[in-house]
Amino acid sequence: MGYTLEFWSLPLADLPGGDILQVTDQVRAAGTLTGSIDHSSTGGEWFRNEFLGGLAAGLIGDQTVQHLLDRPIDGVTSTSDTAAYPALGWLSHEEITEALAHATHPAMAGADSEDTDLLDTVLAALQRCPTDLVTIYS
């Protein structure tokens, strides 16, 4: 089993309230996918702690990364039996602009070429987003 962090361009004002599973369906139906990163279930700890918590946080900031993984959205509730997944995160367009303004080039973040490719995916997903960004981690 694998997991995916999906990046969706969608104004937060367009999100309805409701159960998180319904909201993720709405994001996928109404949003524009700007990028995604997959990892295996065995690679989850590395992905969250080393890649996102280390390399990506060094690139775009720790708080920005935390907001990508899990950030409450007004009116969204979870009645799912699986407490952690899916998780929704988001960034306002202003937060994206600020994160990109302070981002260092991936090659300068101490990453090897494979990690640099993943960092490039994160940067490209943010750069392609003309509105707010909603993430789904599932």
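Side chains included, hydrogens not; waters and symmetry mates left out as well; all remaining heavy atoms used.
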Validation: residues 58-65 side-chain donor-acceptor distances under 3.5 Å, sequence neighbours left out:
unit_1	atom_1	unit_2	atom_2	d
Gln63	NE2	His67	NE2	3.3
Thr64	OG1	Ile60	O	3.2

With rounding to the nearest 0.5 angstrom, report the [atom1] to [atom2] distance, [X] to [Y].
X: Gln127; Y: Thr97; atom1: CD; atom2: OG1; answer: 11.0 Å
X: Tyr137; Y: Ser36; atom1: OH; atom2: OG; answer: 12.5 Å
X: Leu126; Y: Thr34; atom1: CG; atom2: OG1; answer: 7.0 Å

In the structure I gave you, are the side-chain heavy atoms of [X] and [Y] within less than 4.5 Å of one another anywhere?
X: Thr77; Y: Ile20; answer: no
X: Asp14; Y: Gln26; answer: no
X: Phe7; Y: Leu133; answer: yes
X: Thr32; Y: Leu10; answer: no

Show, in sequence, the C-alpha distance, side-chain angles and deciding distance for Phe51 and Val122, and conclude whether the side-chain contact (heavy atoms from CB on, under 4.5 Å) test is met. CA-CA 11 Å; Phe51 174 70; Val122 171; 4.2 Å; yes

What residues form a side chain to side chain contact (heavy atoms under 4.5 Å, CB included) with [X], not counting sequence neighbours?
X: Asp38; answer: Thr4
X: Thr131; answer: Ser9, Pro11, Cys129
X: Ser138; answer: Glu6, Arg28, Pro86, Ile136

Inter- and intrachain pairs under salt bridge (charged side-chain N to carboxylate O under 4.0 Å, His left out), touching residues 42-58, at least two apart: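 Salt bridge (charged side-chain N to carboxylate O under 4.0 Å, His left out) check on residues 42-58 returns no pairs.
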
Using the salt bridge (charged side-chain N to carboxylate O under 4.0 Å, His left out) rule, collect all pairs that involve residues 123-138, keeping only residues at least two apart or in two chains.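 Non-adjacent pairs meeting salt bridge (charged side-chain N to carboxylate O under 4.0 Å, His left out): zero.
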
Quick check: closest heavy atoms across [X] and [Y], and the distance to 0.1 Å?
X: Ala57; Y: Gly53; answer: CB-O, 3.4 Å
X: Ala103; Y: Leu123; answer: CB-CD2, 4.0 Å
X: His39; Y: Gly44; answer: CE1-CA, 3.3 Å
X: Phe47; Y: Ile37; answer: CE1-CG2, 3.5 Å

More than 12 non-hydrogen atoms from neighbouring residues, nucleotides or ligands closer than 6.0 Å to CG on Asp74, yes or no?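 No, because the 6.0 Å sphere around CG of Asp74 holds 12 heavy atoms or fewer from other groups.
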
Side-chain donor or acceptor of Trp90 paired with backbone N/O of Pro72 under 3.5 Å: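 Yes, Trp90 side chain to Pro72 backbone: donor-acceptor pair under 3.5 Å.
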
Apply side-chain contact (heavy atoms from CB on, under 4.5 Å) to Leu88 and Thr135, showing your working. CA-CA 6 Å; Leu88 289 174; Thr135 57; over 6 Å; no

